[in-house]
Trainee: 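Before I ask anything, let me first share the structure, which is written out below as structure tokens.
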Amino acid sequence: MIINNSIQSVTSLYGAAQPSRAYRAKQAADEGIRDEVEISADGQNFSEMLQKLRETPDVRQDKVDFYSQAIADGTYQVSSENLAAAMLGRI
């Protein structure tokens, strides 16, 4: 049984029956058909929020400076009860 030759002959026939991309594109251009994209209001809102998120800095430097200074001064106190509860997932 020769399967390879059969597949090649079928694919060549299928390819010959399909109009080429260039032909389809030219035909669409000749008919004045244009692709259109319409973005929903939700999509536009999402895009705006994503842009604002990208503009937000990754590090809140004011918080870093505050806690760095508190640790350096020795004034940063951590409640051992709150730490244990957080570690156990209770907070």
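Since this is a predicted model, take the numbers as computed values, not measurements. Position 1 is the first residue of the sequence, and the numbers go up from there.
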Trainee: Is a donor from one side chain sitting under 3.5 angstrom from an acceptor on the other, for D65 and Q61?
Mentor: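 Yes, side-chain donor-acceptor contact under 3.5 Å.
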Trainee: Is it the case that one hydrophobic cluster holds both V59 and I71, taking links as side-chain heavy atoms less than 4.5 Å apart, direct or via other members?
Mentor: no
Trainee: How long is the span from the CG atom in L83 to the CG atom in L88, to the nearest 0.5 Å?
Mentor: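 Taking CG in L83 and CG in L88, the distance rounds to 9.5 Å.
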Trainee: For the residue pair Y76 and V78, establish whether any side-chain heavy-atom pair is separated by less than 4.5 Å.
Mentor: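 With C-beta onward as the side chain, the pair touches.
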Trainee: Verify, without hydrogens or angle tests, whether S47 (side chain) and G43 (backbone) share a donor-acceptor contact under 3.5 angstrom.
Mentor: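 No, S47 side chain to G43 backbone: no donor-acceptor pair under 3.5 Å.
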Trainee: Out of curiosity, Q44 CD to M49 CE, how far, rounded to the nearest 0.5 Å?
Mentor: 12.0 Å
Trainee: To the nearest 0.5 Å, tell me how far R60 CZ sits from Y67 OH.
Mentor: 9.5 Å
Trainee: Between Q51 and E55, is there a side-chain donor-acceptor contact under 3.5 Å, judged purely by atom types and distance?
Mentor: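 There is such a pair (donor and acceptor under 3.5 Å, judged by atom type) between the side chains of E55 and Q51.
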Trainee: Any side-chain heavy-atom pair from L50 and R54 closer than 4.5 angstrom?
Mentor: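 Result yes, sub-4.5 Å side-chain heavy-atom pair found.
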